[in-house]
Amino acid sequence: MQIEFIPIDFDSVDIEGKSMVRMFGRTKEGKSCCVIDTCEPYFWLIPKKKVDIGKYIEKIKKIKMLHAGRYAEVVDVQIKAKKHMGKEVKALQVFVNNPKDITVIKDIAKEFKETEAKREIDFNFVTRYIIEKDVKPLRLHAVEGKELSKSELLTKDIVLNVDLVIQANSIKLLDGDEFKPKLLAFDIEASELEIGKGEIVMVSLVSDNFEKVITWKHFPDAPKEIEFVKNEKELIEKFKETIKKQKPDCLVGYFSDGFDLPYLRARADENNVELDLGLDESKVTFIKGIITSSKITGIVHVDLFKFVDNIISPMLQSESVSLNAVAKELIGEEKIKVDLGKISKEIKKENKIKDAELRKFALYNLQDSILTYKLALQLWPNISEMTKIVSEPLFNVSRASYSYLVENYITHNLKEFNEISPNRPTYDKIAERKERGKYTGAFVFQPEPGLYEDIAVFDFRSLYPSIIISYNISPASLQENSKDALAVKDVDLGNKKRTFYFSKKRSFIPILLKRLIESRKKVKQELKIKHSPILAARDYGLKTLSNALYGYYAFFGARYYSVECAASITSLGRYYIHKAIEETNKAGFGVIYGDTDGIALTLNKKTEAQAIEFLEEVNKKLPEDMEFELEDFFKRGIFVTKRTGEVGAKKKYALINKKGKMKIRGFETVRRDWCNLTRMMQDHILGQVLKEGKADSALEYTKDIIKKLRSKKILIEDLAIQTQLRKSIEDYVSIGPHVAIAKRMQEKGLPVGIGSMIEYVVIEGKGKNNERIRDKARLPDEVKEGGYDAEYYIDHQIVPAVETIFNVFDIAKEEIVESKKQKKLGDF
DNA sequence: GCGCAAATGATACC
DNA sequence: ACCGGTATCATTTGCGC
């Protein structure tokens, strides 16, 4: 039979001794379907030069080893003319029965004296299958094959709760519409945060036109979405039943890899319930890595937190990736505010909780799933477009880092270049790479502090990607000599300047990168004609993936690792930004600042039209893949000194454009580890100064804030300083205020750990001069109104944030703040 | 015990 | 361990006196 099919989830299983790939997905008509198929597993052996290939092959073919209850043996060996890192190689393609045998066989073959190298030994079988059969996750395929009946499956010991099971003969990519999955969001509430320690009190599930909360905490007049059960065991069973009824393609949580699913599993074990959510009735499995992920057969478990944290966070304004912050920014909705600490305490003590409180708790739980569901809908274009670009399964892509995505985009496209992939680095190799010192990166121009008028900002569009393409920078094109090569000078790997050469013949990685950029150009054009979330997501995916290649080259875990490439890219970056500065000044403009790929300049009485004309001239001289463009014109801008020393501070400036919109970089206003009062005040005075061109009203404003601070009129919440705990408490060498507070929280039994945001307020000390700030830091809850140390906030928050700005206007610190002594004198 | 520079740590820029 | 280097700044820590 023939069907049209969209693969969503992938796994591999042994059926009658043979490794098979199972693709779970939907037919075009929306039926749930499992397509079973396979491909021949293999890896590569590269022989040393001058070996007797015939004898070598015979030796390889004889490999047979009892391993894990079965014989690992070589099925076939074929000689192929391949390429490896751009060089032609004669390689042996070693076919085996089962992908698991590769580990055994490659180790034996490695010992043979004829073996130079083994390759593609670490490819996942699903990835191998996707590459070999040209399957594209989330896209429509024509599948021709044999339908397997229930009884046929049972004889093979398979249970699959889907509408249709097909053993494929062939699978072919088709053009098809966008696929819209059935998403089901969920969220649990437990009495203790530590996994398995407490009980699961509630679970909520939300899908299209579906909302449900399951709980064993009863209360009267419950809304219709709430379903009461007897106990935790029934809760878990009801949860399972709901998923089975809803039949989602994806089960979506927020931090569910790290919390909800492991918790459910722990409690299911405790209650002797199987957490068998898989379509093959298998239990949820946990894939151990640095961060564990939870997998359900046939249903893609998506932990939205991971996707947001890894992929989406760069485009967010939000300073945190909490569900509340992200939902607020992306869908304009927030969590319900509930005192979780209080509720969990009451549940633990088995107190009778007020009905109204329980009701609110249930709605809180439901709201979390609603937010997760809406976020999942909103982010689906990003997840699915990235999946389609990279060709890896949705499960992997939704948890992937950019390095993984870049690498897989490359490996999934090697076939057309006849390339064999390098291996993933070994543990030792990684350790060695980590030892490497830093190479020279980008250039940053030191600005002259001051207030400037009529400013333009120019930048290179995608500087590093365009350099990689223009200079063909890749480990495969890096060559020893200067023959037919592009030279890159002044590459500094840490000690001395060197020159590297890259072949003129385009290599596969720059070709693939160019392809990403070209696709993006097309997408951008389409977007101009008609906006669509899918195109916008594709644009974002193509852009971020292109930008990640440079960092990938210098990443110690990369297959295509090359510091030489990374350092060559930055060297060229420095060359072009210097060149741009030089040309801009030569044309009569005045460059005032620059960082990596862009510059700020004063028009120097020249017109905007002249600036644009100048850009056109510059572009004529640039390589065709590079472009220098206008970001915006600005009415005014301020550059300040460093707080220590008179020189201009880099990465710290504020500009205001013609429409009055500010662009603030590096100032305390944009740093989350300064208190709200400081941030709001600095933002305000920067606005005043940039709009008015003078600091009179800003000075008044600042003095007023100081007065309010001293008269204790500032709210504690505006004085709380937030700092993230970035390692576990014991690991700190230096105990700063936030670490001291974290310890305090731990003693109080409050949840703290790596990643926690620690909030503290500084209170008045006991008068000892040598008292450390950490000794005066308290949790905001512990500080009563007006209980803060006003002088600390003036000296350590307000003054540091305004001092350098007022210095631009020749206003000294003494004019901003009169010392406490002076004030007291004046009071008399 | 004081004053200083160095070390540590967090966060931002591109 | 899950992309890079450059940069600022606060606070603590360690050292010499």
TODO: Using atom OH of A:Tyr561 as one end and atom P of C:dA1 as the other, report the distance to the nearest whole Å.
DONE: 15 Å
- [ ] Go through the side-chain N and O atoms of A:Thr804 and A:Asn807 and say whether any donor and acceptor fall under 3.5 Å apart.
- [x] no
Open item on the list: Quick one, A:Val326 and A:Phe305 - any side-chain contact, counting heavy atoms below 4.5 Å?
Closed with: no
TODO: Look at the side chain of A:Trp674 and decide which nucleotide, out of C:dC2, C:dT11, C:dC9, has an atom nearest to it.
DONE: C:dC9
Task: Per A:Tyr792 side chain, nearest of listed nucleotides C:dT11, C:dG4, C:dT13 - done: C:dT11
Task: Listed nucleotide nearest any side-chain atom of A:Val444, set C:dA7, C:dT11, C:dC9 - done: C:dA7
- [ ] Could you tell me the separation between the CZ atom of A:Phe443 and the P atom of C:dA7, rounded to a whole number of Å?
- [x] 9 Å
Task: Nearest-Å distance once atom P is located in both C:dC2 and B:dA10 - done: 15 Å
Task: A:Arg399 versus A:His301, side-chain donor and acceptor atoms under 3.5 Å - done: yes
Task: Polar side chain donor-acceptor pair, A:Glu392 to A:Tyr404, under 3.5 angstrom - done: yes
Task: Angle between terminal axes - the helix from B:dG1-C:dC17 to B:dC14-C:dG4, 5 pairs each end, rounded to 10° - done: 20°
- [ ] Could you check how far CD of A:Glu319 sits from P of B:dC13, rounded to whole Å?
- [x] 10 Å
Task: Distance-only donor-acceptor check, side chains A:Tyr560 and A:Ser474, under 3.5 Å - done: no
Task: Any side-chain donor near an acceptor of the partner, A:Ser318 and A:Ser320, under 3.5 Å - done: no
- [ ] Please state whether the rings of A:Tyr452 and A:Phe639 are parallel, tilted or perpendicular, taking 30° and 60° as the class boundaries.
- [x] perpendicular
Task: Closest listed nucleotide, where the reference is the side chain of A:Ser403 and the choices are C:dT12, C:dA7, C:dC3 - done: C:dC3
Open item on the list: Ignoring hydrogens and geometry beyond distance, is the side chain of A:Arg671 in donor-acceptor contact with the base of B:dT11 at under 3.5 Å?
Closed with: yes
TODO: Counting heavy atoms from C-beta on, name the nucleotide in C:dG5, B:dG9, B:dT11 closest to the side chain of A:Tyr550.
DONE: C:dG5
Open item on the list: Between P on C:dA10 and CD on A:Glu803, what's the gap in Å once rounded to a whole number?
Closed with: 9 Å
Task: Candidate nucleotides B:dC14, C:dG4, B:dG9, ranked by approach to the side chain of A:Phe556 - the nearest - done: C:dG4
TODO: Return the nearest nucleotide to the side chain of A:Arg774; candidates are C:dG4, C:dT13, C:dA7.
DONE: C:dT13
